[in-house]
2 protein chains.
Amino acid sequence: MKLMKWTDLPNEGCSVARTMSVLGDRWTLLILRDTLFGIRRFDDIQKRLKITRHLLSDRLKRLENHGLLERKPYQERPTRYEYHPTQAARDFVPVMQAMTAWAQTHLPTEKSEPYRFLDRETRQPTDPKVIDVNTGVEITSQSIWVEANRD
Amino acid sequence: MKLMKWTDLPNEGCSVARTMSVLGDRWTLLILRDTLFGIRRFDDIQKRLKITRHLLSDRLKRLENHGLLERKPYQERPTRYEYHPTQAARDFVPVMQAMTAWAQTHLPTEKSEPYRFLDRETRQPTDPKVIDVNTGVEITSQSIWVEANRD
DNA sequence: AGTCATAGGTTCTAAATTGGAACTGAGTCA
DNA sequence: TGACTCAGTTCCAATTTAGAACCTATGACT
């Protein structure tokens, strides 16, 4: 049997598999998180995350190639760059918040969450829930049914 | 500077980091996906996913240790086990669906999605959106504000 | 001029993880 | 008996990650 390799994932029909092909490498999602939370420079990310510079360099390139980060110069002489999240990356924020809520319930810890998500208007903490746009009903493993797709 | 290792992640305060410590290894989320979609036996998962058996063995153990899978015997002589998702795993389904929707927009492909999420009542495809329970407003990178937490 | 510091990397080696294939063991079937 | 199923384990090679040092360009300091 021909085995599947990690590098074959981008060509999968399954969206979860394609998401993993971009964000499923070690550290990648944490780097994206930092850029989304406003940390955008190589050394700043490296200092906060404390991963090896080599890995950070590699992951930033891959996120750029996949259209999740944009390299923008912020000074000349010498030219230095910041890594800015694109719209695709910003659109991942709600997924990350849903993930955060999941971990707060199922992977609890004594340490406090380093970030809070606040509503821009009310300035109150937000409490995420996934709903179905069509019915307005909350999506849970009870409310939905997963079916093999035959198109 | 003391570098952080991948194995330090479970002790992080950040929920995204803790989620990655459990689901951020190669193949892990895809294995969980298969069990959630009803594929529960070692060989069945291996045949569908086509990963090496020893990786599958390793990941199943880790998912079990983290409380996402439960090993249940389904026959005697010889005793064989199925891997059943726990409530913690089932609660990840909405996150996965949000992720799927994200990838369909931002990592498009010609291949069709192998699975569909349907409403159990209406039998219609569901269309996920993350909202704030408090305000009912959709959570987007525009609607929220991320703030460092000082507790 | 020489030294330091800063930002953003690259290069090197060692350790760990993953890929690929074959093998084990308990039991079933022909 | 031999072939087959399921659920792994074992072995070695290939790839990735960890850790540290080094490089380049610029500016500031002495």
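We name chains A, B, ... by the order of the sequence lines, and we start the count at 1 in each one.
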A.B. asks: Working to the nearest 0.5 Å, report the span between CD1 of Ile144(A) and CG of Asp119(B).
C.D. replies: 9.0 Å

A.B. asks: Determine whether a donor-acceptor pair (N or O, by modelled atom type, separation under 3.5 Å) exists between the side chain of Arg123(A) and the backbone of Leu118(A).
C.D. replies: no

A.B. asks: Please check the phosphate of dC6(D) (OP1 and OP2 only) for any side-chain N or O of Tyr83(B) closer than 4.0 Å.
C.D. replies: no

A.B. asks: Quick check: on DNA chain C, is the nucleotide nearest Tyr74(A) upstream (toward 5') of the one nearest Ile51(B), or the reverse? Name the residue that is more 5'.
C.D. replies: Tyr74(A)

A.B. asks: Which nucleotide wins on minimum distance to the side chain of Phe42(A), given the candidates dG8(D), dG9(C), dA18(D)?
C.D. replies: dG9(C)

A.B. asks: Going by atom type alone, with no hydrogens or angles, which donor-acceptor pairs under 3.5 Å involve a side-chain atom of residues 124-134 of chain B and a protein atom two or more places apart or on another chain?
C.D. replies:
unit_1    : atom_1 : unit_2    : atom_2 : d
Thr126(B) : OG1    : Gln97(B)  : NE2    : 2.8
Thr126(B) : OG1    : Phe117(B) : O      : 3.3
Asp132(B) : OD1    : Asp127(A) : N      : 2.9
Asp132(B) : OD1    : Asn134(B) : N      : 3.1
Asp132(B) : OD2    : Thr135(B) : OG1    : 3.2

A.B. asks: Between Arg53(B) and Asp43(B) (side chain of the first, backbone of the second, donor and acceptor by atom type, cut-off under 3.5 Å), is there such a pair?
C.D. replies: no

A.B. asks: Expected output is a numbered-order residue list: members of residues 4-25 of chain B with a heavy atom under 4.0 Å from any atom of DNA chain C. What is it?
C.D. replies: none

A.B. asks: Would you mind reading off the distance between Arg41(A) atom CZ and dG9(C) atom P, rounded to a whole angstrom?
C.D. replies: 13 Å

A.B. asks: When the distance from NZ of Lys50(B) to C1' of dT18(C) is rounded to whole Å, what number comes out?
C.D. replies: 18 Å

A.B. asks: Without decimals, in angstroms, what is the distance between Lys47(A) NZ and dA5(C) C1'?
C.D. replies: 11 Å

A.B. asks: Taking only N and O in the side chain of Ser57(B), is any of them less than 4.0 Å away from OP1 or OP2 of dA7(D)?
C.D. replies: no

A.B. asks: Starting from the 5' end of DNA chain D, give me the residue, Glu82(B) or Thr52(A), whose nearest nucleotide shows up first.
C.D. replies: Glu82(B)

A.B. asks: CG of Asp34(A) to CG of Leu29(A): how many Å apart, nearest 0.5 Å?
C.D. replies: 10.0 Å

A.B. asks: What is the distance, to the nearest angstrom, from the NZ atom on Lys2(B) to the P atom on dA18(D)?
C.D. replies: 11 Å

A.B. asks: Output the rounded distance in Å from NE2 (His54(A)) to P (dT15(D)).
C.D. replies: 15 Å

A.B. asks: Can you give one letter per nucleotide of nucleotides 22-30 of chain C, going 5' to 3': B for a protein heavy atom under 4.0 Å from the base, S for sugar-phosphate only, - for none?
C.D. replies: B---BSS--

A.B. asks: With a 3.5 Å distance limit and no angle check, can you tell me whether Thr100(A) reaches the backbone of Met96(A) through a side-chain donor-acceptor pair?
C.D. replies: yes

A.B. asks: Roughly how far, to the nearest 0.5 Å, is CH2 of Trp27(B) from OG1 of Thr52(B)?
C.D. replies: 9.0 Å

A.B. asks: Return the nearest nucleotide to the side chain of Arg26(A); candidates are dT17(D), dC6(D), dG19(C).
C.D. replies: dT17(D)

A.B. asks: Find the bend of the helix from dA1(C)-dT30(D) to dA30(C)-dT1(D) as the angle between its two terminal axes (five pairs each), to the nearest 10°.
C.D. replies: 20°

A.B. asks: Identify all side-chain donor-acceptor contacts of residues 67-78 of chain B below 3.5 Å with residues at least two apart in sequence or on another chain.
C.D. replies:
unit_1   : atom_1 : unit_2   : atom_2 : d
Gln75(B) : NE2    : Pro78(B) : O      : 3.0

A.B. asks: So, for Ala17(A) and Glu12(A), which heavy atoms are closest and what is the spacing to 0.1 Å?
C.D. replies: CB-CB, 3.8 Å

A.B. asks: Please tell me which of the listed nucleotides, dG19(C), dG8(C), dC6(D), lies nearest to the side chain of Asp43(B)?
C.D. replies: dC6(D)

A.B. asks: Quick one about Ser143(A) and Glu138(A) (side-chain donor to acceptor, distance below 3.5 Å, no hydrogens or angles considered), yes or no?
C.D. replies: no

A.B. asks: Would you please say whether a donor-acceptor pair under 3.5 Å links the side chains of His66(A) and Glu64(A)?
C.D. replies: no

A.B. asks: Expressed in angstrom and rounded to an integer, what is the separation of Leu3(B) atom CG from dA16(C) atom C1'?
C.D. replies: 15 Å

A.B. asks: Which whole-number value in Å describes the distance from Arg40(B) CZ to dC6(D) P?
C.D. replies: 18 Å

A.B. asks: Calculate the interatomic distance between Leu55(B) atom CG and dG8(D) atom C1'; express it in whole Å.
C.D. replies: 13 Å

A.B. asks: Distance-only, no hydrogens or angles: does the Arg18(B) side chain make a donor-acceptor pair with backbone N or O of Gly13(B) under 3.5 Å?
C.D. replies: yes

A.B. asks: Report the residue from Leu3(A), Leu9(A), Asp8(A) that forms a side-chain contact (heavy atoms from CB on, under 4.5 Å) with Lys5(A).
C.D. replies: Asp8(A)

A.B. asks: Has the side chain of Thr28(A) got a donor or acceptor atom that lies under 3.5 Å from a matching backbone atom of Gly24(A)?
C.D. replies: no

A.B. asks: What are the two closest non-hydrogen atoms of Val95(B) and Trp102(A), and how far apart are they?
C.D. replies: CG2-CB, 4.3 Å

A.B. asks: Do any of residues 58-70 of chain A sit with a heavy atom less than 4.0 Å from DNA chain C, and if so which?
C.D. replies: Lys61(A)

